[in-house]
Amino acid sequence: MSAPPIRLAGGFIRGAGQERLLALVLAAIVGVMVLVPLAAVVLGAVGDEDGFSLMALADVLASGRVIGNTLLVGLGTTVLATGLGGVLAVILVRTDTPWRGGLEQLLLLPLYITPLLTAVAWSWLGSPRGGLLNLLAQSVLGPVGSIVNLHSAGGVITVAALAYAPLPFLLVAGALRAMDPSLEESARIHGASIGAAFRRVTLPLALPALLGSALLVFVQSLGLFSVPAVLGMPAGFYVAATEIYRLLNSYPPRVTQAAGWGLLLLVVTAVLVALQAAILRRRSFVTITGKAFRPRLVHVGGWRPVLLGVVLLYLLAAVVLPVATLCWAALVNFITVDPKLMSFDLRHFSYVLFTYPKTLLATRNSLVLGLLTATVICTLGLAMAWVIVRSRGAAARFLDQVGMMPLAIPPIVLALGLLWSYVGLTWLPLYGTIGILLLAYVTHYLPFGLRALSSAIRQLHPELEDAARVAGAGLFGTLRRIVLPLTRPTLVATWTLLFILSLQEISSSILLYTAPSTVLSVAVFDLWEAGNVNALAALSVMQLFATFAALLVVARLRQKAVAA
Amino acid sequence: MSAAFVSVEDLSIAYGGFQAVDRVSFGIDAGEQVTLLGPSGCGKTTTLRAVAGLERPSAGRILIDGKPAFDGAHGLDTPPEKRNLSMVFQSYAIWPHMTVFENVAFPFRVRGRPSVETRAAVERALALVDLARFAERPATMLSGGQQQRVALARAVAFGTKLVLLDEPLSNLDAQLRLQMRDELADLRKRLGFTALYVTHDQEEAFSLSDHIVVMRGGRIEQAGRPQEIYRNPQSRFVAEFLGMRNIIPCELAGTGEGARLPDGTVLRGRDVAPGTAIEDAAIAFRPGDVRLDDKPGEGQGGSGVVARSLFVGDVQHVFLRSGPVELCAHVRPRPGLDEGRTLFWRVTPEDCLILRK
Ligand SMILES: Nc1ncnc2c1ncn2[C@@H]1O[C@H](COP(=O)(O)OP(=O)(O)OP(=O)(O)O)[C@@H](O)[C@H]1O
Ligand SMILES: [Mg+2]
C-alpha cells in the first residue's frame with residue numbers, strides 16, 4: 001500500500017449517518033442518565049456550602065463500625081447466597097433429584113416476594129422478644145429465653161441470602177446448561193472420578209458465572225436497605241444504606257456525609273468490578289457458546305431424598321414461611337401465639353383498602369411507574385442493544401460500558417446522586433414528582449433489559465436485517481419490521497420482569513419519594529415504621545397475589561406462543 | 001467497459017488496519033453476469049456487500065446504472081434501500097416471522113406498492129421457482145432447497161435490474177446444487193437481469209458467468225471470460241485454484257524452447273504471457289491430461305516411481321516421484337499401477353502451460 005487510505009470527506013453521510021446519529025443520541029441519553037448522578041455523588045462528598053472539604057469523608061472513614069457492618073453484610077450475604085444458589089443449581093441441573101422442573105420454577109419466587117417482605121416476615125418469626133418462633137418455643141418448652149434472634153448481623157445476612165440466592169442460581173444453572181457435557185466426559189475417559197471431573201473441569205468452567213453472580217449479589221447487598229432497616233435498625237445495627245437513610249432523615253439532613261457514604265460504596269464496588277474483570281481476563285473461556293446442551297445427569301441414588309430435602313428446606317425458609325406468615329398476619333386480629341386469643345376476619349384488608357390514605361395514591365403511582373419503566377427500558381434497551389451488537393465504533397463501546405454500569409451502582413447511591421443532581425433544579429422540576437423515581441428505576445434496571453435484549457439480537461442472523469435493507473426498507477423500517485417482531489418474545493418477558501421489579505423497588509425510592517409521589521414499597525415500609533403490622537401484611541398480601549397473578553398470565557401467554 | 005451497468009473503481013475496504021479489499025476494479029455490462037471467484041477469505045463477500053451498500057468502503061467509487069452509489073472522494077454513500085437492487089444471501093435470510101408470500105412481497109410493501117400489483121408480481125415470482133403452492137406457509141416450515149427458492153423469488157419479484165448473489169448454492173447438497181444451478185441460469189436468461197455472483201466453486205463460476213474475476217487476498221488476480229481464464233491462467237495461484245495440480249518449478253531455456261524440470265526432463269508448452277518478466281517460472285498441467293505407460297514411447301514426458309496409488313472410483317490417483325520432481329496423474333483404473341512400479345508419463349505440449357509468476 002503506497003497511498004494512505006482516503007479519509008471519507010467529513011460531514012454528514014447519508015445512510016451510515018443515520019446509524020451514527022442514533023448511536024450518538026443514545027450515548028448522550030445514557031451518559032446523562034448514568035454519569036451525571038455518579039459525578040454528583042463524588043462532587044457532593046468532597047464539598048459542602050463552603051467549598052472543597054474532606055471533612056465528610058473523614059467522618060465516614062472514622063465510623064469504622066458501620067463500615068465493618070456493611071462489609072460483613074456484603075461479604076456474608078454474597079458467600080451464603082452464592083453458595084446456596086450454586087448448590088441448588090447443581091442439584092437441579094446436574095442430578096436426578098425428583099421434581100426438578102417444578103422446583104426450578106418455585107426457586108424464582110423469592111425474587112418476586114422481595115427482600116423487604118421476607119425480612120418483615122422473618123422479623124415476626126425471629127425477633128428476640130415477641131418473635132413467633134421464640135413464643136412458640138416458650139409455650140412448648142417453658143421459659144427458655146429466645147432460641148433465635150434475627151435482629152442481628154447473622155439475621156440480616158441469612159435473610160438477605162435467602163432473598164438473593166435465586167440470582168446466583170439462575171446464572172450458574174444457565175452456565176451449567178451451556179456447558180458441553182463432552183468436556184466432562186472426556187475428563188472421565190482420561191481417568192478422573194465423577195468428583196474429580198467436577199472439581200477440575202466443571203467448576204473452573206462455571207467460575208465466570210459464579211464470580212459474576214457473586215459480584216451481582218455483593219453490589220446488591222452492599223447497598224441493601226430493606227433487610228438491615230427491618231432487622232438491623234431495631235437492634236442498633238447500622239450498615240451504609242441505613243446510615244445514609246438516617247443521615248438524610250436527621251435534622252438538619254446531613255447530605256455531605258450521606259454522599260461520603262455513597263462515594264465509599266462506589267469505590268468498593270468499582271474495585272471489585274475491576275478485580276473480577278482481571279480474574280476473568282486471565283482465564284478466557286470459549287466453551288460457553290450460547291448453545292444449549294442437554295446436561296448429563298448424575299445418578300445420586302440414596303442421596304436423592306437428602307438433596308430434595310435441601311431444596312425443600314430452602315423453599316420453606318424463603319417462600320412458604322414468609323408467605324404463610326404474611327397471610328396469617330393479614331387475617332388474624334393481632335399477633336399472638338395463643339390460639340384462644342386469635343380470631344380471623346378481613347378487617348385489615350378493608351382498613352388498607354378504604355381507610356389507609358396512602359394505598360390508592362401509592363398504587364396508582366407504582367402502576368404508572370411500572371408501566372413507564374418497563375416501556376422506556378424496552379424501547380431504549382432495544383435500540384441500544386441493536387447499536388451495541390451491530391455497529392462497531394466508539395459510541396457502541398460507550399453504550400455497552402456505560403449502559404451496564406448501573407449493575408455496579410447500589411441503587412441507594414444512585415438515588416443520592418439523583419438527589420444531588422435534581423433537587424432545586426428549577427428549570428427541570430423532576431424532584432417531587434414520580435419523574436425522578438422513573439429516572440432512578442430506568443437507570444437502575446437498564447442493564448437487565450440491555451443484557452436480555454442484546455442476547456436476543458445476537459441470535460438474529462445479521463443477514464435478516466441486511467436483506468430488509470436491500471429490499472428497500474430504511475434503518476427504522478428494518479428495526480420495526482424485522483428486529484422488533486423477531487425479538488418480541490424476549491421483549492414481552494423482559495417487560496413483565498421489569499414491571500414487577502419496579503413495583504418492588506425500595507432502596508432508591510425511599511430517598512426519592514415525596515408525599516405526592518409515594519409508592520407501594522414505601523407505603524409498606526411506612527406501615528412497618530408505624531408498627532401497623534397487620535395492615536402491612538394485608539397490603540403486601542394483596543401485592544403478592546397481584547404479582548403472582550401477573551406471572552401466571554404471562555406464563556400462560558408464553559405457553560400459547562410456544563404452542564402456536 | 002465504459003458503458004457498464006455496474007462499475008466498481010479502485011474499491012478499497014479496511015477493517016481497522018486490515019485491508020480486506022484492495023483497489024479492486026471491474027465492470028458488469030447490462031444483462032451479463034460477473035462472478036467473483038476465489039478461496040475463502042479473499043474478500044468476495046466484502047466486495048459484494050459494498051456494492052449492496054451494506055459495507056462502507058474506505059475509498060473508491062461504485063456506479064450503478066450510471067449513477068454513483070458510493071464515492072469516497074465526495075463522501076457519497078447511498079444507503080442500501082436506495083440502490084434499487086436485490087440480493088440472495090448465503091444464509092438465505094428468510095424472515096421467520098413471515099409467510100412465504102410475505103417474504104416475497106416485502107420489497108413491494110416497504111415501498112408502498114398497491115396490493116393488486118404486489119399480489120400479481122409475487123405470484124408470478126413464486127410460480128417461476130415452482131413454489132406457488134407454498135405461498136401461505138410459514139417460511140420456517142420449508143426445506144433448505146425450498147428456502148433457497150424463496151430467497152431467489154424474493155430477489156427477482158420486484159424486478160430490480162441488478163441482483164447480487166452470495167454463494168447462493170453453497171448450503172445445498174451436491175445433487176440439489178446442480179439442479180438449482182441450471183434453474184438459476186435459466187431464470188436469468190428469461191428475466192434478463194444483471195448479476196454479480198460470488199462463489200468459490202469453479203464449476204459454478206464457469207457454467208454461469210459471462211466474466212470471471214479471480215480474487216486473492218483482497219486483490220484481483222485475473223479477470224476475463226471463463227474459457228480464457230480456464231485456458232490461460234496467468235499465475236500459479238489461478239492455475240492451482242483451477243485444478244492444475246501439477247505445478248512444477250522449472251528453468252526456461254529460451255523463448256518458446258521448452259522448460260527444464262529439476263530432474264532434467266524437458267517439456268514444451270504454451271507460454272501464457274510471452275515477453276513478460278520471469279518471476280518464478282513453472283510448468284503446469286492437469287492430472288487428467290497425463291497419460292501413463294509401462295514402456296517409453298511417443299511424445300514428451302519422463303519416468304517416475306509410483307509413490308502412492310489411490311483408487312477413488314472412476315479414476316485412480318497415481319503419484320509419481322522422479323528425483324526432486326513429484327507429479328500426479330488421474331487415469332482409468334487398471335492393473336499395473338501399484339506402488340513401487342516405474343511408469344512413463346506423457347503429456348502433450350498443448351496441455352502444458354508455462355507460467356512466469
Ligand atoms: N466485520 C469484519 N471485521 C474484520 N474483518 C472482517 C470482517 N468481515 C470480513 N473480514 C475479513 O475480511 C476478509 C474478507 O472476508 P470476506 O467475507 O469478504 O471473504 P470471502 O471471500 O467472502 O470468504 P468466504 O468464501 O469464506 O465467504 C477476511 O479475511 C475476513 O476475515
Ligand atoms: Mg463470503
Side-chain angles (χ1 to χ4, degrees), chain A residues 1-23 390-394 396-397 456-457 459-492 561-564, chain B residues 10 12-17 19 22-23 49 52-60 69-98 103-113 151 154-155 157-158 160 163-164 166:
Chain A
M1 266 202 32
S2 51
I6 302 165
R7 286 252 144 238
L8 285 174
F12 205 69
I13 296 168
R14 293 203 46 213
Q18 248 180 356
E19 284 166 40
R20 217 186 305 162
L21 189 67
L22 177 67
R390 290 287 186 250
S391 67
R392 305 177 281 270
R397 276 196 305 280
I457 290 182
Q459 282 165 13
L460 293 186
H461 199 300
E463 289 191 345
L464 293 173
E465 291 158 44
D466 293 341
R469 293 303 295 272
V470 170
L475 174 63
F476 292 100
T478 304
L479 288 177
R480 184 167 58 81
R481 289 167 185 267
I482 308 293
V483 179
L484 191 69
L486 288 176
T487 47
R488 183 164 295 141
T490 311
L491 274 172
V492 171
V562 169
Chain B
D10 279 325
S12 293
I13 302 168
Y15 292 115
Q19 199 72 25
D22 192 7
R23 279 166 291 161
R49 288 170 57 83
L54 295 167
E55 210 72 54
R56 171 118 61 111
S58 42
F70 174 83
D71 190 340
H74 297 100
L76 171 88
D77 186 10
T78 311
E81 66 269 20
K82 298 276 161 54
R83 294 195 180 192
N84 212 4
L85 44 82
S86 56
M87 181 160 171
V88 178
F89 291 82
Q90 188 168 3
S91 67
Y92 309 152
I94 301 298
W95 299 301
H97 58 302
M98 300 181 190
N103 261 283
V104 180
F106 188 90
F108 296 84
R109 292 194 171 152
V110 289
R111 292 179 173 113
R113 288 303 163 88
R154 184 174 66 189
F158 194 69
T160 54
V163 179
L164 312 176
D166 187 3

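Numbered from 1 within each chain, the chains take letters A, B, ... in sequence-line order. Because the structure is a prediction, the values reported are computed rather than measured.
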Name every donor-acceptor pair, under 3.5 Å, that has one atom in a side chain of residues 473-489 of chain A and the other anywhere in the protein, sequence neighbours excluded.
from	atom 1	to	atom 2	distance (Å)
A/Thr478	OG1	A/Gly474	O	2.7
A/Thr487	OG1	A/Val483	O	2.7
A/Thr487	OG1	A/Leu484	O	3.2

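When all heavy atoms are compared, the tightest approach of A/Val470 to B/Ser86 is CG1-CA, 3.5 Å. Between A/Ala471 and B/Arg111, the shortest heavy-atom distance links the atoms O-NH1, 3.1 Å.
Using a 4.5 Å cut-off on side-chain heavy atoms (C-beta onward), A/Asp466 and B/Arg49 make contact.
For a residue to count as touching a neighbouring chain, one of its non-hydrogen atoms must lie under 4.5 Å from one of that chain's; by this rule B/Leu54 touches chain A with the side chain only. There is no contact between B/Arg83 and chain A, counting heavy-atom distances below 4.5 Å. Contacts of B/Ile94 with chain A are made by backbone atoms alone, with heavy-atom separations under 4.5 Å and no side-chain atom involved. Both the backbone and the side chain of B/Ser91 come within contact range of chain A, each with at least one heavy atom under 4.5 Å from a heavy atom of that chain. Of the two parts of B/Phe89, the backbone and the side chain both hold a non-hydrogen atom closer than 4.5 Å to a non-hydrogen atom of chain A. Residue B/Tyr15 touches chain A through its side chain alone, counting heavy-atom pairs closer than 4.5 Å.
Annotation: maximal heavy-atom pairing with chain A below 4.5 Å, among B/Asn84, B/Val88, B/Leu85, occurs at B/Leu85.
Interatomic distance, B/Trp95 CH2 to A/Glu465 CD, rounded to the nearest 0.5 Å: 11.0 Å. With rounding to the nearest 0.5 Å, the separation of NE2 in A/His461 from CD in B/Gln90 is 8.0 Å.
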